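What follows is a single structure, written as structure tokens, with notes after it.
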Amino acid sequence: MIFEGNSLCARFIEDDSNSGLVELVFDAQGSVNKFDQNTVSELDAATQALASNDNVKGVLVRSAKSTFIVGADITEFTALFALPENEVLEWVAKTSQVFDRFEDLPVPTIAAVNGFALGGGCEMTLACDLRVADTTASIGLPEVKLGLMPGFGGTVRLPRLIGSDNALEWMTTGRDRKAPKALAEGAVDAVVEPSNLTKAAISMLQDAIDGKFDWQARRAQKKSPLTLSKNESMMSFSTAKAMVAAQAGKHYPSPHMMVDTVAKASTLDREGALKLENQGFVTLAKTDAAKAQVGIFLADQLVKSKGKKQAKAATKAINQTAVLGAGIMGGGIAYQSAVKGTPVIMKDIAQPALDLGLKEAAKILAKGMQRGKVDATKMATTLNNIVPTLEYSAMKDADLIIEAVVENPKVKGIVLKETEDAVADDAIICSNTSTISINQLAKSLDKPERFCGMHFFNPVHKMPLVEIIRGENTSESTISAVVAATLKMGKTPIVVNDCPGFLVNRVLFPYFAGFSKLVLDGADFVAVDKVMEKVFGWPMGPAFLLDVVGMDTADHASGVMSDGIPERMQKIANDPVTCLFRAERFGQKNGKGFYNFGTDKRGRPTKVAAEEAYELFAPHCAEKQDFDAEDIIARTMIPMANEAIRCLEEGIVASAAEADMALLYGLGFPPFRGGIFRYIETMGLDNFVALADKYADLGPIYQVSDGVREMAANRKSYFQQSA
């Protein structure tokens, strides 16, 4: 044994020091290999041991696990990035120098890549002279998804290996490459079957030792300036900058920094280029976007681990699902169950509705076929997994029944009772409702302990979130089984407690109310949408979102919220939403709402501000006036933030992290802002309280709770409380 640590070891292959072949094996104590600070230290110690051993002729780097190295240990980032800038710079410079020292070993090196080699794992392979991957390998630099850039030499080595154009496409999108594509682009030298990986790597390493591969020339290429002419350089980096500007926009500094860094480093050797990379990494690490996106990653990990833990506790397996109601939502839910392999009964009271539900599933699959993501077998299997029926009796063997009928408590109550009478005693019953109290609906059932809410978002096949709503009588075994079923459907479950609107809609409707008040005070809804999309970063502004939701749905839901939380959510007199609803301007569903929807000559969708909407609002609105962006953002976001805080204080949601992920997955909250609580904390709790107080006279939705005042006064964080 040349070196032995907790996460890796270096030893002669087959204990034969005469061959001179050494394997550096990553085998961390956890489920995956990652570069935490201890592993980096061990890599440096192992490198020094290899460099000082005269018997070493070549080094094979491999993993003892089913995947290579998944990247840096992101759980260390929050504390690390909070350090002063000079200390963060010292850390990243020292770490990248460890990879340099490995690259500078006086013998050839090869990486045998299996499974994921991402971030620091990819950078480890780049520090080697040769790379062979098996067919399971996925290689990439996804740091952009954390608001960062590669920090262990990735921006230096990858462009010199596969060209700056390809490298920037890898880094600015963060998409990993399967082994064949990585081979085609020059990132790996060979692709083999998993059973042949180590043997092939040893063979290539021996060829390098024997001089059949000029490994020294390969290494020199990675340490030298890019071989681009002045014109090639100008065209390459100008194109990359334009693409990043178009795709990433101004809110995400990370891809812009990568292009600038690679461009400036193109004429420099490794040492000079790495200094630019180190500084760029530190600059990004100190941005709000990086803090937000790292926060999202950690929150996502929390939500996933919590979901897995809850699912493991499930005592009932869900082998067959049933969906009641075959509309757009019901059809979408049925599709989601079927496509993930769980057979589903789809029941309705009318054959045309069943036909619509099947048509919805077929339409989703047809689009998948057009994109090459679904083949004929997948389409046939999925559709065969959906059994339409008009009879309750067909559901007698279903393990999980999801009611998805019209959003009316009386109708739902009747359907739920009929369902309970028709299904097995141990079947779990759920309601796909967006606002109606689960405790209220549970009164229709004899066994409320097997009942909970299961709120899907439209379109079901695209939206990752499912809110699982626990009623006061819902058993934990029911929750565990539904969480497991949700994960099986490929969705992210977040469990919340019952209240009007649950979590997502409860915080959404104060946002809509803030928007309505703005319009009544003379704001142009187009101007508001523009600010909330272009400046704040929502995928669509409130007027456009209301058109997508539908004015009938929004008006009904606001009534439910008003009845449930009258102290803050009373219906607004002459609400623009209600005006549009009464005028039968329902939004996208009938082509007219705040905007008029249509198609141009080429059949592409169009959206034009509706003069009819302005005319409807005019009698109820103040004289038109321009509001600045800060005012528009404050007047719409303070109500949402206040209600999110109340949901956390009341125990509706268990943690700030889960609330952030719910809004990210359910509403498309801007990732660069990290979620509603990350947004509040980035602003500073004391600053948020001061801002809200400035608007407090606009009504209860702008007035902060005593709890947030206390948090601000004591300089506490909502994330220190996260479960």
Side-chain angles (χ1 to χ4, degrees), residues 242-243 245-251 327-329 331-332 356 359-360 362-371 373 457-463 508 511-512 514-516 518-520 522-557 575-621 624 626-627 629 632-633 636 666-671:
M243 286 181 64
Q247 294 177 15
K250 64 183 180 180
H251 296 304
I328 298 296
M329 285 299 290
L356 178 65
K359 186 178 177 183
E360 177 70 11
K363 185 170 75 173
I364 298 166
L365 288 162
K367 283 184 179 177
M369 287 189 79
Q370 287 171 5
R371 293 172 184 164
K373 294 185 176 180
F457 291 77
N458 194 26
V460 174
H461 67 289
K462 288 185 178 179
M463 299 298 282
L508 177 62
Y511 169 80
F512 283 154
F515 163 68
S516 290
L518 259 174
V519 173
L520 291 172
D524 180 354
F525 64 81
V526 174
V528 175
D529 271 6
K530 187 175 180 181
V531 167
M532 297 312 291
E533 291 168 10
K534 303 295 184 187
V535 181
F536 192 80
W538 282 106
M540 57 187 77
F544 186 17
L545 178 58
L546 281 159
D547 274 349
V548 171
V549 169
M551 239 52 66
D552 49 348
T553 302
D555 185 72
H556 169 77
D575 189 335
V577 174
T578 305
C579 290
L580 291 170
F581 169 62
R582 287 175 179 164
E584 297 187 354
R585 298 185 63 85
F586 299 143
Q588 275 190 338
K589 63 182 68 176
N590 70 345
K592 51 189 181 180
F594 285 94
Y595 298 91
N596 287 328
F597 297 89
T599 53
D600 63 15
K601 291 177 182 177
R602 295 184 182 179
R604 294 176 301 192
T606 59
K607 173 174 72 87
V608 180
E611 288 302 323
E612 302 93 328
Y614 287 118
E615 290 169 10
L616 275 171
F617 306 154
H620 313 296
C621 294
K624 186 179 176 183
D626 294 329
F627 290 83
I632 289 170
I633 291 169
T636 51
L667 295 178
F669 199 96

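Note that the structure is predicted; figures quoted are calculated from it, not measured. Nothing fancy with the numbering, it's 1 onward along the sequence.
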Strictly distance-based, threshold 3.5 Å: is any side-chain N or O of [X] a donor or acceptor partner for the main-chain N or O of [Y]?
X: D529; Y: A543; answer: yes
X: H251; Y: F536; answer: no
X: D575; Y: S516; answer: no
X: E360; Y: I328; answer: no
X: T606; Y: D600; answer: no

Does a salt bridge link K607 with D547, judged by any charged N lying under 4.0 Å from a carboxylate O?
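Not counted as a salt bridge, because no side-chain N and carboxylate O are separated by less than 4.0 Å.
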Please report the closest heavy-atom contact between [X] and [Y], naming both atoms and the distance.
X: Y511; Y: P542; answer: OH-CD, 3.4 Å
X: T636; Y: G514; answer: CG2-C, 4.4 Å
X: G332; Y: V460; answer: O-CG1, 3.7 Å
X: A554; Y: L546; answer: CB-CD2, 3.7 Å
X: K592; Y: E584; answer: CE-O, 3.7 Å
X: A613; Y: G593; answer: CB-O, 3.8 Å

When F525 is tested against each of Y595, F627, F544 for ring pair (Phe, Tyr, Trp, His ring centres under 6.0 Å), which residue passes?
Y595
Take atom CE in M243; do more than 12 heavy atoms of anything else shown fall under 6.0 Å from it?
no
Which class fits the ring pair W538 and F669: parallel under 30°, tilted 30 to 60°, perpendicular over 60°?
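Answer is perpendicular, since the angle exceeds 60°.
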Any E612 side-chain heavy atom under 4.5 Å of L580 side chain
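Side chain of E612 against side chain of L580, heavy atoms only: no contact under 4.5 Å found.
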Are V519 and F617 close enough that some pair of their side-chain heavy atoms sits under 4.5 Å apart?
yes
Once rounded to the nearest 0.5 Å, what's the spacing between atom [atom1] of [X] and atom [atom2] of [Y]?
X: C579; Y: F594; atom1: SG; atom2: CZ; answer: 9.0 Å
X: M540; Y: L667; atom1: CE; atom2: CG; answer: 10.5 Å
X: Q588; Y: M551; atom1: CD; atom2: CE; answer: 10.0 Å
X: M532; Y: I632; atom1: CE; atom2: CD1; answer: 8.5 Å
X: K624; Y: Y614; atom1: NZ; atom2: OH; answer: 6.0 Å

Show the numbers, then the answer: is there a side chain to side chain contact (heavy atoms under 4.5 Å, CB included) between N596 and R585?
CA-CA 9 Å; N596 287 328; R585 298 185 63 85; 2.6 Å; yes
Worked check of side chain to side chain contact (heavy atoms under 4.5 Å, CB included) between L545 and F512:
CA-CA 9 Å; L545 178 58; F512 283 154; 3.8 Å; yes
